[in-house]
Amino acid sequence: MGEGIIELQKASVGYTGERVATLFDVTLTARAGEMIVIVGPNGAGKTTLLEAVNGILPLTAGEVRVFGQRMTAARHDLRRDIAYLPQELFFPPETPFLTRDVVHAARFGLLRPFRFPREHDCQLVNRALAAVGMQGAASRPVGRLSGGQQRKVLLARALAQRARLLLLDEPTVNLDPQAKADVCRLVLEVRKELGAAALVVTHEADLLLEEADRVITLVQGRLESDEERPPLPRHARVGGR
């Protein structure tokens with residue numbers, strides 16, 4: 001594994017009006033190329049941890065560093081290298097954006113002001129859609145797609161962004177069994193192609209948990225355990241046959 005991509009030092013987060021921190025005194029390091037799965041009961045602070053790493057929530061104590069630099073709400077430059085998939089991000093049927101537009105949004109964030117996407121950006125978008133099997137839906141309104149298809153589109157957006165860090169909050173939530181399996185496989189393939197580090201929240205015993213390099217457990221906002229997983233036998237890994 002490589003250098004520290006994420007470093008939390010005694011990080012605590014509390015919401016306004018709450019007397020007890022939602023995340024308390026968490027120290028954690030994620031290395032380049034490492035996939036860490038976060039588990040724990042509801043309300044344990046899993047989503048809060050991802051939001052703190054992404055600079056969405058301010059800390060009440062401690063520090064979060066991403067790519068060696070201190071993360072704050074104003075660090076939009078750091079977020080250009082972070083692909084964040086919130087748990088509840090689904091598009092309602094009336095959403096007017098086309099599938100292609102949603103994936104293109106990942107490239108707009110990397111452009112200089114008043115610049116338009118280049119041919120290279122369009123090629124990355126088309127390639128990303130093809131990689132997740134959604135190229136045929138490129139011209140369809142994203143709100144008309146199924147939940148599983150929408151998650152695939154959001155993974156294509158992460159792939160087109162060429163992010164160095166993936167923050168995925170319950171990427172298979174509310175999906176049928178086949179869609180869950182497809183999305184798990186795509187997460188692993190996207191991460192492998194990008195060589196990205198990943199923090200993944202899940203509550204299911206799925207392929208992501210099986211393939212994790214480490215599994216951390218949060219309980220009541222505290223880091224309960226940090227377990228390094230031995231590598232699976234080659235024949236048991238995705239694409240190993």
Side-chain angles (χ1 to χ4, degrees), residues 1-18 20-40 43-90 102-113 151 154-171 173 187 190-191 194-202 208 214 216 218 220-223 226:
M1 296 299 174
E3 74 280 4
I5 292 292
I6 303 171
E7 296 175 278
L8 282 77
Q9 290 294 329
K10 296 185 178 297
S12 297
V13 174
Y15 293 96
T16 302
E18 294 189 1
V20 179
T22 306
L23 202 66
F24 185 77
D25 202 28
V26 172
T27 295
L28 173 70
T29 298
R31 299 180 290 272
E34 188 172 38
M35 184 168 77
I36 299 177
V37 168
I38 306 166
V39 300
K46 303 185 297 295
T47 294
T48 300
L49 176 58
L50 293 190
E51 292 179 341
V53 170
N54 203 30
I56 297 174
L57 293 177
L59 301 182
T60 54
E63 184 178 60
V64 174
R65 298 181 71 83
V66 179
F67 311 129
Q69 300 185 57
R70 186 169 177 267
M71 172 58 87
T72 67
R75 293 306 303 266
H76 304 296
D77 57 327
L78 296 181
R79 277 190 284 275
R80 289 175 183 171
D81 275 331
I82 300 173
Y84 177 45
L85 177 56
Q87 178 182 160
E88 299 300 332
L89 182 53
F90 286 93
V102 173
V103 181
H104 256 299
R107 302 303 305 168
F108 275 106
L110 304 176
L111 299 176
R112 295 178 181 178
R151 295 314 249 188
L154 293 171
L155 288 172
R157 186 174 68 173
L159 190 55
Q161 185 179 344
R162 314 304 295 171
R164 295 166 58 197
L165 173 60
L166 307 178
L167 302 178
L168 309 178
D169 194 354
E170 300 281 10
V173 68
V187 167
V190 168
R191 173 180 165 261
L194 297 177
L199 282 184
V200 183
V201 170
T202 186
L208 298 178
R214 286 160 60 196
I216 68 173
L218 290 177
Q220 295 183 341
R222 295 178 182 270
L223 185 59
D226 185 344

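We number each residue from 1, following the sequence as shown. Here the structure is a predicted model, which is why all the values come from computation and not from measurement.
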> Where is the tightest heavy-atom contact between Val103 and Ala156, given as atom of each residue plus distance?
Replying inline: CG1-O, 3.8 Å
> Between atom CD1 of Ile216 and atom CG of Leu49, what is the distance when rounded to the nearest 0.5 Å?
Replying inline: 5.5 Å
> Do you know the tightest heavy-atom contact between Gln87 and Arg151?
Replying inline: O-NH2, 3.5 Å
>> I need the single residue from Arg164, Arg75, Arg162 that forms a salt bridge (Lys or Arg N to Asp or Glu O under 4.0 Å) with Asp81. Which is it?
In response: Arg164
> Any donor and acceptor pair, going by atom type alone, linking the side chain of Ser12 with main-chain N or O of Thr60 inside 3.5 Å?
Replying inline: no
> Just by modelled atom types, is the Leu218 backbone N or O under 3.5 Å from a matching donor or acceptor in the Lys46 side chain?
Replying inline: no
> Between Ala196 and Ala163, which heavy-atom pair has the shortest distance, and what is it?
Replying inline: CB-O, 3.6 Å
>> Within this structure, what is the CG-CD1 distance for the pair Leu50 and Ile38, rounded to the nearest 0.5 Å?
In response: 5.0 Å
> What are the two closest heavy atoms between Leu167 and Ile82, and how far apart are they?
Replying inline: CD1-CG2, 3.6 Å
>> Just so I know, are the side chains of Asp77 and Phe67 near enough to count as touching, which here means a heavy-atom distance under 4.5 Å?
In response: no
>> Minimum heavy-atom separation for Gly221 and Val26, please, with both atom names.
In response: O-CG2, 3.8 Å
> Where the side chain of Thr27 meets the backbone of Lys10, is there a donor-acceptor pair that is under 3.5 Å apart?
Replying inline: yes
>> Whether Asp25 and Arg222 form a salt bridge (side-chain N of Lys/Arg under 4.0 Å from carboxylate O of Asp/Glu) is what I want to check.
In response: no
> Hey, are the side chains of Val53 and Leu8 touching, using non-hydrogen atoms and a 4.5 Å cut-off?
Replying inline: yes
>> Measuring from atom CG of Asn54 to atom CG of Leu165, what distance do you get when rounded to the nearest 0.5 angstrom?
In response: 8.0 Å
>> Working to the nearest 0.5 angstrom, can you tell me the gap between Leu23 CG and Glu51 CD?
In response: 10.5 Å
> What is the distance from atom CD1 of Ile6 to atom CD of Glu34, rounded to the nearest 0.5 Å?
Replying inline: 9.0 Å
>> Can a donor-acceptor pair be found, under 3.5 Å and without considering hydrogens, that links the side chain of Arg214 to the backbone of Asp226?
In response: no
> With side chains defined as the heavy atoms from C-beta onward, is the minimum distance between Thr202 and Glu170 less than 4.5 Å?
Replying inline: yes
> Met71 and Arg79: side-chain contact (heavy atoms from CB on, under 4.5 Å), yes or no, with the steps?
Replying inline: CA-CA 9 Å; Met71 172 58 87; Arg79 277 190 284 275; 3.8 Å; yes
> Looking only at heavy atoms, what is the nearest atom pair of Pro58 and Val13, with distance?
Replying inline: O-CG1, 3.9 Å
>> Are the side chains of Arg191 and Leu168 in contact, using a 4.5 Å heavy-atom criterion?
In response: no
> How long is the gap from CE on Met35 to CG on Leu208, to the nearest 0.5 Å?
Replying inline: 5.5 Å
